[in-house]
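Only one structure is covered here, and it is reproduced in the block below.
Only this structure's heavy atoms are used, side chains among them; waters, hydrogens and symmetry mates stay out. Proteins come first, then strands; the chains are lettered A, B, ... in the order of their sequence lines, and each starts at number 1.
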There are 2 protein chains.
Amino acid sequence: MTKKSRNTPHSPQRREESLSRDRIIEASIALLDSSGESGLTFRTLSERLATGAGAIYWHVENKSDLLTAACDAIVARTMASCVAGATPQATIRTLALGMFDAIDAHPWVGSALTRVAGQLPMVRIVECLGQQVRALDVSDEDQWAAVSALLHYILGVAGQNAANTQFARTRGVDRADFLDAMATVWSQLDPNEYPFARSLAGQLRVHDDRVDFLAGIDLILSGIESSHGR
Amino acid sequence: MTKKSRNTPHSPQRREESLSRDRIIEASIALLDSSGESGLTFRTLSERLATGAGAIYWHVENKSDLLTAACDAIVARTMASCVAGATPQATIRTLALGMFDAIDAHPWVGSALTRVAGQLPMVRIVECLGQQVRALDVSDEDQWAAVSALLHYILGVAGQNAANTQFARTRGVDRADFLDAMATVWSQLDPNEYPFARSLAGQLRVHDDRVDFLAGIDLILSGIESSHGR
DNA sequence: ACCTGAACACCGTTCAAGT
DNA sequence: ACCTGAACACCGTTCAAGT
């Protein structure tokens with residue numbers, strides 16, 4: 001999707017087909033999108049790129065590095081497309097929704113994010129959230145708590161959504177069918193042991209993930225506001 | 001740690017050494033605790049249990065099932081040990097801290113939780129949180145939003161903590177050393193592109209994960225309270 | 001400098017065969 | 001009913017050898 005050429009500065013003929021880190025990442029994303037997390041293999045990838053497995057290792061450290069880079073490409077695009085906003089709150093909301101939609105489109109990003117731990121993709125998200133929290137006039141010592149709450153909530157939802165789609169894919173069913181099956185299981189829980197979860201089953205069937213996600217963001221935002229003057 | 005015998009009701013001589021689902025799960029937990037996520041292998045497990053790989057498959061569906069069961073054992077114990085509490089808020093806090101400590105002691109639980117999607121371990125947590133949120137007098141239609149925010153926040157932190165320890169283990173360093181190295185990287189970020197993340201680097205070095213975690217819980221709790229009368 | 005592809009040391013899972 | 005262990009179809013990663 002993004003044009004790239006900067007990575008082969010020293011190859012005067014610049015063949016379009018030459019291998020490069022960016023081309024490898026691009027192909028990885030395509031593979032992950034079309035066949036899920038288990039679809040990314042050095043064998044399928046090298047096949048797709050018409051090269052040997054070893055060639056990829058010249059441009060990429062290992063599989064973890066590759067996955068992080070692929071994840072970062074998506075996160076970078078998402079952060080770039082969520083700039084403006086009337087208020088800091090509104091910007092945080094669109095930013096969070098942007099991540100939600102990105103993970104909906106690329107479920108593997110959700111689980112990749114839970115493995116990158118302090119690397120570039122995470123830094124990008126922290127930075128965007130942090131700038132908005134600052135604009136919210138949160139005191140210096142409370143800023144990290146606010147950003148951390150938003151960040152970890154987003155990561156939590158991301159991980160669950162990724163797991164849901166992954167689970168559904170493994171069983172070869174639709175994501176909606178999977179959630180429906182889950183609701184059925186929940187509705188059959190022992191009413192004495194699991195009264196709350198059981199009562200939730202119906203809601204589970206009609207709920208909108210995206211709306212629920214935003215409700216959580218709003219809850220945290222209102223928590224940030226209310227601990228302002230303390 | 002827990003005694004078990006119920007799983008072999010039809011074997012009159014009940015040999016202590018006989019294979020059972022519980023013994024397999026127990027051994028898996030020991031393996032995961034001592035050598036991390038990559039330590040759980042059907043080969044090492046069958047070796048440890050002095051049996052063949054195939055024998056394990058008679059008691060367990062597959063590796064995913066095994067990991068879920070191991071995770072559930074830890075979660076069940078944790079939920080069981082967090083009952084009382086002066087107020088619903090206090091109970092939620094101890095419950096959350098209980099999960100934090102459990103994941104600190106068993107880092108693999110953190111990443112396992114991001115893969116179980118609506119299965120037993122998750123139901124247990126939802127149930128415990130839900131009962132407390134109910135006790136908080138949150139209206140029926142807002143209960144799920146409150147529980148979901150708490151749940152996903154906990155899962156997000158769990159995933160990150162698991163990733164941090166996993167990352168540190170792979171690189172063969174202490175978790176503290178790893179966080180210190182991360183702080184150094186963050187402090188060297190471009191001040192124009194990443195002003196917030198950069199300014200956070202110092203805090204990163206002296207912060208207490210557990211305290212930060214609790215601050216996030218309190219933020220969400222105060223958000224729940226403030227949207228009470230809306 | 002960059003690429004090839006066979007080889008290595010692993011995996012999870014299956015299954016005929018045993019008791 | 002429960003267990004054995006060899007076999008299968010994969011993995012990620014390495015590395016001598018090529019250009």
To the nearest 0.5 Å, atom CG of A/Asp33 lies from atom CD1 of A/Ile74 at 6.0 Å

In whole angstroms, how far is the C1' atom of C/dC10 from the CD atom of B/Glu47?
14 Å

side-chain contact (heavy atoms from CB on, under 4.5 Å) with B/Ser111: which residues, sequence neighbours excluded?
B/Glu37, B/Arg115, B/Ala162

Take atom C1' in D/dC8 and the same atom in C/dC11, then report the distance between them in whole Å.
12 Å

On a whole-Å scale, what distance lies between the C1' atoms belonging to C/dA9 and D/dC10?
13 Å

Can you list, in residue-number order, the parts of residues 35-44 of chain B that come under 4.0 Å of DNA chain D, counting heavy atoms only?
none

For B/Arg171 and B/Asp177, run salt bridge (charged side-chain N to carboxylate O under 4.0 Å, His left out): C-alpha distance rounded to whole Å, both residues' side-chain angles, the deciding distance at 0.1 Å, then the answer.
CA-CA 10 Å; B/Arg171 270 157 184 68; B/Asp177 289 346; over 6 Å; no

Which residues share a side-chain contact (heavy atoms from CB on, under 4.5 Å) with A/Glu47, sequence neighbours left out:
none

How long is the line joining CD1 of B/Ile56 and C1' of D/dG5, in whole Å?
12 Å

Report all side-chain donor-acceptor pairs from residues 92-100 of chain B shorter than 3.5 Å, counting only partners two or more places apart or in another chain.
| from | atom 1 | to | atom 2 | distance (Å) |
| --- | --- | --- | --- | --- |
| B/Arg93 | NH1 | B/Asp218 | OD1 | 2.4 |
| B/Thr94 | OG1 | B/Ala90 | O | 3.4 |
| B/Thr94 | OG1 | B/Thr91 | O | 2.9 |

In terms of side-chain heavy atoms of B/Tyr57, which of C/dG12, D/dC3, D/dT14 is nearest?
C/dG12

Over how many whole Å does the gap from B/Ile24 atom CD1 to C/dG12 atom C1' extend?
15 Å

Between D/dA17 and C/dC2, how far apart are the C1' atoms? Round to whole Å, please.
13 Å

Name of the residue among A/Gln119, A/Met122, A/Lys63 meeting side chain to side chain contact (heavy atoms under 4.5 Å, CB included) with A/Thr68:
A/Gln119

Rounding to 0.5 Å, atoms CZ (B/Phe196) and CH2 (B/Trp186) come to a distance of 8.5 Å

Carboxylate-amine/guanidinium contact A/Arg198 A/Asp190, below 4.0 Å:
no

Apply the salt bridge (Lys or Arg N to Asp or Glu O under 4.0 Å) test between B/Asp72 and each candidate in B/Arg77, B/Arg21, B/Arg124; give the one that qualifies.
B/Arg124

Tell me the stems DNA chain D sits in, counting at least three consecutive Watson-Crick or G-U wobble pairs, each under 3.5 Å on both distances.
C:4-8 with D:12-16, C:12-16 with D:4-8

Say you draw a straight line from CG of A/Leu150 to CD1 of A/Ile125; how long is it, rounded to the nearest 0.5 Å?
11.5 Å

Within residues 58-70 of chain A, which residues have any heavy atom lying less than 4.0 Å from an atom of DNA chain D?
A/Asn62, A/Lys63

Taken to the nearest whole Å, CG/A/Leu45 to P/D/dT13 is 12 Å

Whether A/Thr41 side chain and A/Thr44 backbone form a donor-acceptor pair below 3.5 Å
no

